[in-house]
Protein chains: 2
Amino acid sequence: MVGKEIGERHFIEDVALFCEQMGLPRMAGRVLGVLLISDPPAQSLNDLCDCLQASKSSVSSMARLLVGEGLIEPAPCLVPRRDYFRFRDGGWLEFMRRRMEVMAGLHAIADRGLEILEGRDESLRARLEEAHDVFEFVDSEFRGWLEWMGKRGKRTAKTGR
Amino acid sequence: MVGKEIGERHFIEDVALFCEQMGLPRMAGRVLGVLLISDPPAQSLNDLCDCLQASKSSVSSMARLLVGEGLIEPAPCLVPRRDYFRFRDGGWLEFMRRRMEVMAGLHAIADRGLEILEGRDESLRARLEEAHDVFEFVDSEFRGWLEWMGKRGKRTAKTGR
DNA sequence: CTCAACGTACAGTATTTACAGAACGATAAA
DNA sequence: TTTATCGTTCTGTAAATACTGTACGTTGAG
């Protein structure tokens, strides 16, 4: 059971607001919020509906959306014909990784911009060279750090899934 | 003059799409796209309207939005009563910095979640400890790297504004 | 003073989005 | 076989969003 106490409600709504800032539907954030503090960690769709007082369709589609984002995963369950979900180990790292990948997309765009300004004055090219540098930096360095974090996470993780 | 050639149009639209993925209006991305390859770098609102075939109101509000995002800045101009804008040195770093700040917001949220699960089994707390670790990492390390990049940028920048 | 150009603010519109509710198909229990 | 439960899909709707066009105030030029 989760989401009865005022503190839990507040937490869930904070996660929802955060997810909204990240471009996800607020309801997806609520589902994620529940799965971050639920006991047990795995909850059925009905549990989530009851807890959030939301429609089956919303919760169902939001759960699948979160699975696609790599933040949660289906959990094996004893009761047949019932879907359980839980937060996915390393979900946040995966989330960050994908966001960084989108950002790194500007790396290529900046290069194409530099092609357009080929042969032009350096002062004109500086804008795009900054973009190139920043996002190449993000693409290379940060990717490495994420991998390092991933290894560290696996090493300290005692909760085998 | 900018935006006449097919390559430029394509570049502008790519930047627009990127900005849309980042949660900004597409038109804001178009304005930014122009200001990334324009010659001269500073363009008036009318220039932008002509180039993008968009309404004054859109371009005006999108320009102010981009100023708020720290990506562009008003440029001093000789013609009175006319607003010029140009890409802002270090704009991308500022952009990244703000995005990271939003992400780091989950750091505090995770802590609040851990308070809720205080005294509970470690297996239950692992989810939030991962969030805590990841976003504390982002908040501390990445902030430092951004600052380092910022210094490096100022050092190599020959284009004094 | 008059007029034209510029930027902003407001109103209108069309598209998208986030959700709820109903209908449907599938499956396990009775 | 019937029935109840679960998940998905489809449809509808209310709200937000992105943009256009118009109206307005302001300022420099004639």
Side-chain angles (χ1 to χ4, degrees), chain A residues 3 9 12-35 42-69 71-86, chain B residues 3 9 12-35 42-69 71-86:
Chain A
R9 294 269 175 207
I12 292 167
E13 209 55 27
D14 280 349
V15 175
L17 254 21
F18 172 80
C19 285
E20 201 172 41
Q21 282 191 299
M22 294 285 103
L24 276 60
R26 190 177 297 194
M27 188 64 75
R30 293 201 188 97
V31 171
L32 181 62
V34 173
L35 293 179
Q43 299 279 313
S44 74
L45 282 183
N46 270 7
D47 294 337
L48 294 166
C49 288
D50 292 348
C51 172
L52 295 172
Q53 302 283 32
S55 68
K56 279 192 301 174
S57 45
S58 274
V59 175
S60 173
S61 50
M62 291 306 128
R64 276 183 297 117
L65 184 145
L66 288 171
V67 169
E69 292 280 339
L71 279 167
I72 71 175
E73 64 186 357
C77 82
L78 310 105
V79 186
R81 215 159 54 82
R82 196 170 302 196
D83 290 4
Y84 276 77
F85 295 95
R86 66 180 171 201
Chain B
R9 295 269 175 209
I12 290 167
E13 208 57 26
D14 281 348
V15 175
L17 254 19
F18 172 81
C19 286
E20 201 173 41
Q21 281 191 301
M22 294 284 102
L24 278 62
R26 190 176 297 194
M27 189 64 75
R30 294 203 187 96
V31 170
L32 180 62
V34 173
L35 294 179
Q43 298 279 312
S44 74
L45 283 183
N46 270 8
D47 294 337
L48 293 166
C49 287
D50 292 348
C51 172
L52 295 172
Q53 302 282 33
S55 68
K56 280 192 299 176
S57 42
S58 270
V59 175
S60 172
S61 50
M62 290 305 126
R64 277 182 296 117
L65 185 145
L66 288 171
V67 169
E69 293 280 340
L71 279 167
I72 70 174
E73 64 187 356
C77 84
L78 312 106
V79 186
R81 216 161 50 84
R82 195 170 301 196
D83 291 3
Y84 275 78
F85 294 96
R86 65 180 171 202

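We name chains A, B, ... by the order of the sequence lines, and we start the count at 1 in each one.
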Is there a side-chain contact between [X] and [Y] (heavy atoms, below 4.5 Å)?
X        : Y        : result
Arg9(A)  : Ile12(A) : no
Arg86(A) : Pro76(A) : yes
Leu35(B) : Leu71(B) : no

Original post:
Nearest-Å distance, CD (Glu20(A)) to C1' (dT17(C))?
Top reply: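 After rounding, the reported distance stands at 11 Å.
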**Prompt:** What pairs meet the side chain to side chain donor-acceptor pair (under 3.5 Å) rule with one or both residues in residues 45-54 of chain B, with sequence neighbours excluded?
**Reply:**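 For residues 45-54 of chain B: Ser44(B)-Asp47(B).
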Scoring nucleotides 6-21 of chain D by protein non-hydrogen atoms under 4.0 Å (B base, S sugar-phosphate only, - none) yields SBBB--------SSBB
Item checked: Pairwise distance CD(Gln43(A)) to CZ(Phe85(A)) - rounded to 0.5 angstrom ->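 CZ of Phe85(A) is found 12.0 Å from CD of Gln43(A).
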